[in-house]
Every structure is written in C-alpha cells, then in structure tokens.
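Computation of the quantities below employed the complete heavy-atom set of this structure, encompassing side-chain atoms and omitting hydrogens, waters and symmetry-equivalent molecules.
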Amino acid sequence: EVQLQASGGGLVQAGGSLRLSCVASGLSFDEYAIGWFRQAPGKEREGVSCIRSDDGNTYHVDSVKGRFTISSDDAKNTVYLQMNNLKPEDTAVYYCAADFPGYYSGTYYLGDPAHMDSWGQGTQVTVSS
C-alpha cells in the first residue's frame, strides 16, 4: 500500500518562505509522477506543481511560476516544494499526490486531481498580509 506523508506547512508572513515535504513509502520509488495540489476554503482543489521521475521534468502552474520549485530526493523517497515570496492567496491546505508509473505529462496531472492514484493528508499553509 502506497502511503504519502506531507509536512512542512505553517504560518508565515507575506514574502516569506516555506518548504513542504512529501515522503512516500510502500512502493519502489523509481517510476512516478508526484504533484502538489492545494485547496482553499470554498474553492476546488487545484494543481500547483508536479515532477516526473522518468525525465526529471517539472511543471508549475502560472500562478506560482518563479516562486515555487518542486524537487525530489529519490534516495529519501521524498519530494519537496520550496515556496518563496508567499502571498496571502497561497493560503490553502496543500496535498501531495502520486501516480505510478507516472508516464503522462505534468500538465495532465495538474489539470485534474482525479488523474492521481494516491493521496497524502494535507498540510495547512497560511500566509498573513
């Protein structure tokens, strides 16, 4: 059984930074697509960033480009989301999710949360103005 454990959320002032971590267990961490999604109160869950193992390509939605960076450490079965220059509109519960083996494009995965097979619990990110 695949398990994803997200952590690293918190309260930060606008302009600040946070790094989220997603640790995967119960699988062979060599073929995957792992993405970060977020859901703000009263809004639908939306894709934020995605990384694929087969080519290392990363994808970010326009609203976070230049501010967020997704990366992976395969030796630690961990994917990170470095979030810089945070804005109040980034406030949401952030979830990591995975698809195995992750052969589709990051755009495909970020376009619909239903394209992901496995989900971790969320971690709250709150950005104060």
Side-chain angles (χ1 to χ4, degrees):
E1 179 185 359
V2 175
Q3 291 189 332
L4 303 173
Q5 181 74 33
S7 63
L11 172 64
V12 66
Q13 289 187 333
S17 298
L18 285 172
R19 188 177 79 159
L20 306 183
S21 299
C22 176
V23 180
S25 61
L27 73 157
S28 176
F29 202 71
D30 53 5
E31 291 185 315
Y32 60 83
I34 291 183
W36 287 95
F37 295 76
R38 65 186 180 187
Q39 188 165 17
K43 295 188 177 181
E44 293 185 353
R45 192 169 297 187
E46 63 173 357
V48 177
S49 302
C50 182
I51 187 168
R52 296 184 344 154
S53 63
D54 62 346
D55 55 13
N57 279 352
T58 61
Y59 306 82
H60 301 277
V61 295
D62 288 345
S63 60
V64 307
K65 281 181 180 177
R67 301 189 297 123
F68 291 12
T69 302
I70 190 170
S71 63
S72 66
D73 185 338
D74 290 354
K76 296 182 178 180
N77 283 17
T78 302
V79 170
Y80 303 98
L81 184 68
Q82 178 67 43
M83 305 186 296
N84 298 327
N85 190 22
L86 282 160
K87 303 177 180 180
E89 52 264 42
D90 294 318
T91 295
V93 177
Y94 283 70
Y95 300 87
C96 64
D99 178 67
F100 305 101
Y103 290 156
Y104 295 101
S105 72
T107 301
Y108 169 85
Y109 291 117
L110 295 180
D112 187 346
H115 292 160
M116 293 307 219
D117 291 334
S118 303
W119 288 83
Q121 93 294 354
T123 183
Q124 176 71 46
V125 171
T126 303
V127 184
S128 63
S129 58

Between CD on residue Glu44 and CD on residue Gln39, distance to nearest 0.5 Å = 8.5 Å

Any donor-acceptor N/O pair, Ser72 side chain to Val79 backbone, under 3.5 Å | no

What distance separates Ile70 CD1 from Trp36 CH2, expressed to the nearest 0.5 Å?
-> 8.0 Å

Between Ala33 and Arg52, which heavy-atom pair has the shortest distance, and what is it?
-> CB-CG, 4.1 Å

When clusters are formed by joining ILVMFWY residues with side-chain heavy atoms under 4.5 Å apart, either directly or through shared neighbours, do Tyr32 and Val23 land in the same one?
-> no

Report the C-alpha separation of Asp99 and Tyr104 in whole Å, then their side-chain angles, then the decisive distance to 0.1 Å, and conclude whether the side chain to side chain donor-acceptor pair (under 3.5 Å) test is met.
-> CA-CA 9 Å; Asp99 178 67; Tyr104 295 101; over 6 Å; no

So which heavy atom on Gly122 is nearest to which on Val93, and how close?
-> CA-CG1, 3.6 Å

Taking every heavy atom of Ala14 against every heavy atom of Pro88, the minimum-distance pair comes out as CB-CD, 4.1 Å

Shared hydrophobic cluster, Val61 / Val125 (ILVMFWY, side-chain heavy atoms < 4.5 Å) = yes

What distance do His60 atom NE2 and Ile51 atom CD1 have between them, rounded to the nearest 0.5 Å?
-> 8.0 Å

To the nearest 0.5 Å, what is the distance between CG (Asp90) and OG1 (Thr126)?
-> 11.0 Å

Taking all heavy atoms of Phe37 and all of Pro113, pick out the closest pair and write down the distance.
-> CE2-CA, 3.8 Å

Nearest heavy-atom pair of Gln124 and Thr91: which atoms, and what distance?
-> NE2-CG2, 4.1 Å

Tell me whether the guanidinium CZ or amine NZ of Arg19 lies under 6.0 angstrom from the six-membered ring centre of Tyr80 and within 45° of its axis.
-> yes

So if you build clusters from Ile, Leu, Val, Met, Phe, Trp, Tyr with side-chain heavy-atom gaps below 4.5 Å, do Val2 and Tyr109 land together?
-> yes

Does some side-chain heavy atom of Tyr95 sit less than 4.5 Å from a side-chain heavy atom of Met116?
-> no

Interatomic distance, OG@Ser21 vs NZ@Lys76, rounded to 0.5 Å, equals 9.0 Å

So how far is it from Leu18 CG to Leu11 CG, rounded to the nearest 0.5 Å?
-> 9.0 Å

In short, Leu81 meets Ser49 closest at the heavy-atom pair CD1-OG, 3.6 Å

Got a donor-acceptor contact below 3.5 angstrom from the Gln121 side chain to the Ala6 backbone?
-> yes

Indicate yes or no for a side-chain donor-acceptor contact from Arg67 to the backbone of Met83 under 3.5 Å, with no hydrogens or angles considered.
-> no

Take the angle between the ring planes of Phe68 and Tyr94 and call it parallel below 30°, perpendicular above 60°, tilted in between.
-> tilted

